[in-house]
Amino acid sequence: MEIDKVIHEPARLRIMMILQGVEEADFNFLLNTLGLTRGNLSRHMDKLESAGYIKIKKSFNGKLPYTSYQIMKKGLGALEQYWQNLDQVRKGSDLPAE
Amino acid sequence: MKNKPAEISPGQETDKLKEIPKWSRRYALYRCFPAIVGFILLGLLFAGIAIPARFAGKASAEGNPVQYWILMTVMIISMLLLIFFVLTPWGRKITKRIGNSFYAQEGCAGITDPETIKKRERKGMLTGMMIGACVGATMPFVMSFNLSEKYLQPIAAGYCLPIILIGWFFQKDKVNPLGVLWVALFGLHAVLILTGAPIVFTGDWVALNMLIPMFGYGAISLIIAHFYSRYALKKLKASASMQENSNEE
């Protein structure tokens, strides 16, 4: 059993979990909620997009560029699988549940 | 909130992480500041039509043309503004921009994508127009059956509530659940009037029998929803915040 390294990174796991709860979230929302720097967040988002887990939508809000993100079906599946695998690893290594 | 690995067990950390989708969804579902702005604006404009209409009739009967024309002017301006803000895209854009300015710093998260929001706006407008037409038809209905004005609100509740509840039922996972609180309060108000509770405005203030339940309870529900969204955001940040302790590998 292998843990998905793309999702296992703490920031990316949190991004995926936030996006799982909503239909769409923009760059500013993720930035403020996670407390990451702009550069770091951008790199994490690019990595998630490369894995096919999220969709990046670029548009304009008036004259300002606007970037929003949506989790893809592949991303939802990978996230579900990640938690299943992690729970099994935890059970196997006999870590306390709480 | 900073993570304290020494004090938080892996299980607790996992539980916190698993709560993130719940709080992000609740935050997105309950955030409603643009709706509060729109609702207050609509309430003021409806009051700007209903209250002057009442007093203009009185001024006309008393033979006071100055007061009559001032009130008629206020009423006509309110009507024009209502048409501008409800029916024109520019008006809706202004309301939305004022409301969204509150969220400019924290960004945006939604439970519906922009295409669906546009479709929903059309449905919402259609429902609003249906309810508006029904409310408009209530007055001649009450007058033709010679019913007391105190029955205006219970009659309106009779048709507004089923329309809203049916609309809510089909979109319940996509709309603010506190809309149901408004429906409940509006229905409760109707029941209290029918049972003779002393909550009926009479005389010149009869318009408040509709304005208070419609906009007052709506505002209460939206304000509660707004504060809940702030609470959900606080919980979300507590579960998800990294405080920049993550670096790209």
Side-chain angles (χ1 to χ4, degrees), chain A residues 5-47 55 57 59 61-62 64 66-71 76 79-80 82-83 86-87 89-91 93 95-98, chain B residues 1-3 5 8-31 93 96-97 100-101 103-117 120 173-174 229 232-249:
Chain A
K5 282 180 185 165
V6 177
I7 297 180
H8 192 56
E9 201 286 330
R12 288 197 288 270
L13 176 59
R14 284 163 170 81
I15 292 166
M16 292 287 282
M17 293 299 277
I18 290 173
L19 291 177
Q20 190 191 13
V22 296
E23 178 74 29
E24 198 172 288
D26 70 9
F27 189 82
N28 263 353
F29 180 73
L30 293 173
L31 196 71
N32 285 311
T33 308
L34 294 161
L36 295 170
T37 62
R38 288 181 167 269
N40 242 350
L41 180 61
S42 274
R43 279 193 293 276
H44 286 307
M45 299 318 278
D46 287 343
K47 205 149 224 179
K55 187 167 89 178
K57 285 161 80 177
S59 59
N61 191 359
L64 298 169
Y66 181 79
T67 311
S68 60
Y69 307 94
Q70 265 183 320
I71 195 163
L76 286 171
L79 196 58
E80 202 184 323
Y82 169 81
W83 283 115
L86 197 73
D87 287 343
V89 169
R90 285 244 162 86
K91 272 182 200 163
S93 63
L95 273 172
E98 284 258 323
Chain B
M1 201 166 99
K2 281 189 178 170
N3 292 332
I8 298 171
S9 72
Q12 280 175 320
E13 184 69 9
T14 305
D15 287 346
K16 251 175 83 180
L17 289 172
K18 284 184 178 174
E19 284 207 325
I20 292 175
K22 179 179 89 180
W23 291 117
S24 66
R25 184 162 191 85
R26 285 189 187 174
Y27 165 74
L29 200 58
Y30 284 89
R31 53 179 262 156
K93 218 174 179 178
K96 209 184 258 181
R97 197 173 289 169
N100 281 334
S101 63
Y103 296 116
Q105 287 295 312
E106 71 192 41
C108 177
I111 40 156
T112 34
D113 59 285
E115 288 80 23
T116 317
I117 287 172
R120 261 178 55 195
D173 52 340
K174 298 276 182 190
S229 80
L233 182 65
K234 202 177 153 195
K235 295 290 274 183
L236 174 63
K237 281 186 175 174
S239 305
S241 182
M242 303 280 299
Q243 291 297 333
E244 197 47 88
N245 60 359
S246 163
N247 292 304
E248 187 71 350
E249 69 262 34

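Labels below follow one simple rule: chain letters A, B, ... track the order of the sequence lines, proteins then strands, and each chain is numbered from 1. Side chains included, hydrogens not; waters and symmetry mates left out as well; all remaining heavy atoms used.
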Which bit of A:Tyr69 comes within less than 4.5 Å of chain B, counting heavy atoms only: side chain, backbone, both or neither?
neither
Side chain, backbone, both or neither: which part of A:Leu30 has a non-hydrogen atom closer than 4.5 Å to chain B?
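Answer is neither: A:Leu30 stays 4.5 Å or more from chain B.
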Rounded to the nearest 0.5 Å, how far apart are CG of A:Leu13 and CE of B:Met242?
9.0 Å
May I ask you to test the [X]-[Y] pair for a side-chain heavy-atom distance under 4.5 Å?
X: A:Phe29; Y: B:Leu236; result: yes
X: A:Arg14; Y: B:Leu17; result: yes
X: B:Tyr27; Y: A:Thr33; result: no

Heavy-atom pair of closest approach, residues A:Asn32 and B:Gln105
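Residues A:Asn32 and B:Gln105, closest heavy atoms: ND2-O, 2.5 Å.
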Where do A:Met17 and B:Ser24 come nearest, in terms of heavy atoms and distance?
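So the minimum-distance heavy-atom pair works out to O-OG, 4.2 Å.
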For B:Leu233, which atoms come within 4.5 Å of any heavy atom of chain A: side chain, backbone, both, or neither?
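Contact with chain A: side chain only.
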Residue list, salt bridge (charged side-chain N to carboxylate O under 4.0 Å, His left out) with B:Lys22, at least two apart or on another chain:
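With neighbours one apart ignored, the set is B:Glu19.
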Closer than 4.0 angstrom, basic N to acidic O: yes or no for A:Arg90 and B:Glu13?
no
Taking B:Ala109, B:Ala104, B:Gly107, B:Cys108 one by one, which has the highest count of heavy-atom pairs under 4.5 Å against chain A?
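Highest number of heavy-atom pairs under 4.5 Å: B:Cys108.
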Does atom NZ of B:Lys234 have more than 12 heavy-atom neighbours, drawn from other residues, nucleotides or ligands, at distances under 6.0 Å?
no
